[in-house]
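A quick write-up on the structure given underneath.
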Amino acid sequence: MSRPRDPAPPGLTTTSYAVLAQLAVHPWSTYELARQRVRYFRYVWPRAESAIYREVKRLAAMGLVAAKREYVGKRPRTVYSITEAGRQVLREWLATPVSPFAMDFEAMIRLFIAPLGTKEQLIATLQQVRDDAQDMLRFGGAVKQEFLDGRAVLQDQVYIRALAVDFFVSLLTTVDGWAERTLAEIEGWEDLSPDGKHDRGLEIFAQLPAPTPGEPTDRTPVPPRTQRRRRSSGSSNTP
């Protein structure tokens, strides 16, 4: 069977579409683009600010973004807006299958190899996860208030932004709750060896709210086919 044709125009990556998506709802300067990325997109598509600056200029060279020189007082700035060609590219992208769910979560890698380190190091990692989640939840509360006050820059997008912030707050609440109970579990251990922890591990597994096959099986679980879909163009190697 032949490989499906990639519908993306040559050179476009998920970062390209993320920038186009921002410009589809509002024209921004590169500084404002980076600021909005920090507010929203960095949690689902983390990329360095320098990559955003390079990308918007590249999209302008491709005719997908238009650049306009403006002045704030005597200070010049370039404001970018999406072109009709850029909107058409986004429409075509929206018709393609979404990439499978994935997370960029370094703390989980550290948890997997925790026995190579110390209990104190693992506790420090989990405490940082809690602190970060709580910081971001406070930020989410500030964004919530901004929209409730009717003063958000994208107030006309409240019906969409509410759904996005609902996702972020739900995810962060889950992460914070997981880190809290994991810290409580580990703080009761003498060390990170498996001694005396086997039964408790099985107890935690038994309590997980995930459906099971319902009967014993000797087959090794295989990730669902949805997780083996080909990822969007450039999503694995974009800076």
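Nothing here was measured: the structure is a model prediction, and the numbers come from that model.
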Quiz item: Can you name the nearest heavy-atom pair linking Ala24 to Ile82, along with the distance?
Solution: CA-CG2, 3.9 Å
Quiz item: If we only count heavy atoms from C-beta on, is the Leu23 to Val65 side-chain gap below 4.5 Å?
Solution: yes
Practice problem: Would you please name every residue forming a side chain to side chain contact (heavy atoms under 4.5 Å, CB included) with Gln121, sequence neighbours left out? | Solution: Thr118
Self-check item: CD/Glu190: more than 12 non-hydrogen atoms of other groups inside 6.0 Å
Solution: no
Quiz item: What distance do Arg87 atom CZ and Ser81 atom OG have between them, rounded to the nearest 0.5 Å?
Solution: 8.5 Å
Quiz item: Quick one: are Val89 and Leu12 in side-chain contact, heavy atoms under 4.5 Å?
Solution: yes
Quiz item: Heavy-atom count around Arg75 CZ within 6.0 Å, excluding the residue itself: above 12?
Solution: no
Quiz item: Any donor-acceptor pair under 3.5 Å linking the side chain of Gln155 with the backbone of Ala152?
Solution: yes
Self-check item: Straight-line distance of Glu187 CD to Thr182 OG1, nearest 0.5 Å
Solution: 10.5 Å
Quiz item: Would Arg200 and Glu185 pass as an ion pair if we require N to O under 4.0 Å?
Solution: yes
Quiz item: Any idea which heavy atoms bring Pro27 and Val79 closest together, and the distance?
Solution: CB-CG1, 3.8 Å
Practice problem: Evaluate side-chain contact (heavy atoms from CB on, under 4.5 Å) for Trp28 paired with Val153, printing each intermediate quantity in order. | Solution: CA-CA 11 Å; Trp28 304 105; Val153 174; 3.7 Å; yes
Quiz prompt | Those residues that, when tested against Asp195, pass salt bridge (Lys or Arg N to Asp or Glu O under 4.0 Å) (two or more places apart) | solution = none
Quiz prompt | Check: Gln127/Arg130 side-chain N/O donor and acceptor closer than 3.5 Å | solution = no
Self-check item: Heavy-atom side-chain contact between Leu172 and Asp176 under 4.5 Å
Solution: no
Exercise. Decide, yes or no, whether a salt bridge links Lys197 with Asp191 under the criterion of side-chain N to carboxylate O below 4.0 Å.
Key: yes
Quiz prompt | Any side-chain heavy-atom pair of Tyr80 and Leu59 under 4.5 Å | solution = no
Self-check item: Atom pair CD/CG of Glu55 and Leu20 - distance to nearest 0.5 Å
Solution: 8.0 Å
Quiz item: Arg161 and Val158: side-chain contact (heavy atoms from CB on, under 4.5 Å), yes or no, with the steps?
Solution: CA-CA 5 Å; Arg161 298 287 160 157; Val158 63; 5.6 Å; no
Practice problem: Report the C-alpha distance between Leu183 and Ile123 in whole Å, list the side-chain angles of each, state the deciding distance to 0.1 Å, and finish with yes or no for side-chain contact (heavy atoms from CB on, under 4.5 Å). | Solution: CA-CA 6 Å; Leu183 271 169; Ile123 287 176; 3.8 Å; yes
Self-check item: Distance-minimising heavy-atom pair for Thr78 and Ala67
Solution: CG2-CB, 3.7 Å
Quiz prompt | Approximate separation, where rounding is to 0.5 Å, of Tyr159 OH and Gln157 CD | solution = 5.0 Å
Self-check item: Chi angles and distances behind the side-chain contact (heavy atoms from CB on, under 4.5 Å) call for Ile52, Thr30
Solution: CA-CA 8 Å; Ile52 304 301; Thr30 49; over 6 Å; no
Quiz item: Do Val169 and Ile160 belong to the same hydrophobic cluster, where Ile, Leu, Val, Met, Phe, Trp and Tyr are linked whenever their side-chain heavy atoms lie under 4.5 Å apart, directly or via other members?
Solution: no
Practice problem: Could you tell me which non-hydrogen atom of Thr83 sits nearest to which non-hydrogen atom of Ala66, and how far apart they are? | Solution: CG2-N, 3.6 Å
Quiz prompt | Distance in Å, Lys144 NZ paired with Asp166 CG, rounded so as to fall on 0.5 Å steps | solution = 11.0 Å
Exercise. For the residue pair Arg69 and Pro76, establish whether any side-chain heavy-atom pair is separated by less than 4.5 Å.
Key: yes
Practice problem: Look at atom CD of Glu106 and say whether more than 12 heavy atoms of other residues, nucleotides or ligands are closer to it than 6.0 Å. | Solution: no
Exercise. Identify the heavy atoms of Ser16 and Arg58 that sit nearest to each other, and give their distance.
Key: OG-NH2, 3.3 Å
Exercise. Check the hydrophobic clustering (I, L, V, M, F, W, Y; side-chain heavy atoms under 4.5 Å; chains of links allowed) and say if Tyr31 and Val56 are grouped together.
Key: no
Quiz item: Is Phe168 linked to Phe101 within one hydrophobic cluster, defined over Ile, Leu, Val, Met, Phe, Trp and Tyr using a side-chain heavy-atom separation of less than 4.5 Å?
Solution: yes
Quiz item: Should the ring pair Trp93 and Tyr17 be called parallel, tilted or perpendicular, given that the plane angle runs from 0 to 90° and is split at 30 and 60?
Solution: parallel
Self-check item: Listed partners of Lys57 passing salt bridge (Lys or Arg N to Asp or Glu O under 4.0 Å), at least two apart
Solution: none
Self-check item: Salt-bridge criterion met for Arg77 and Glu32 (N-O under 4.0 Å)
Solution: yes
Quiz prompt | 4.5 Å side-chain heavy-atom contact, Gln22 and His26 | solution = no
Exercise. Answer with yes or no whether the hydrophobic clustering places Ile204 together with Met108; edges join I, L, V, M, F, W, Y residues whose side-chain heavy atoms lie under 4.5 Å apart.
Key: no
Self-check item: Minimum-distance pair of heavy atoms, taken over all atoms of Leu192 and Lys119
Solution: CD1-N, 3.7 Å
Practice problem: Please check if Trp178 and Leu122 belong to a single hydrophobic cluster, counting links between Ile, Leu, Val, Met, Phe, Trp and Tyr side chain heavy atoms closer than 4.5 Å. | Solution: yes
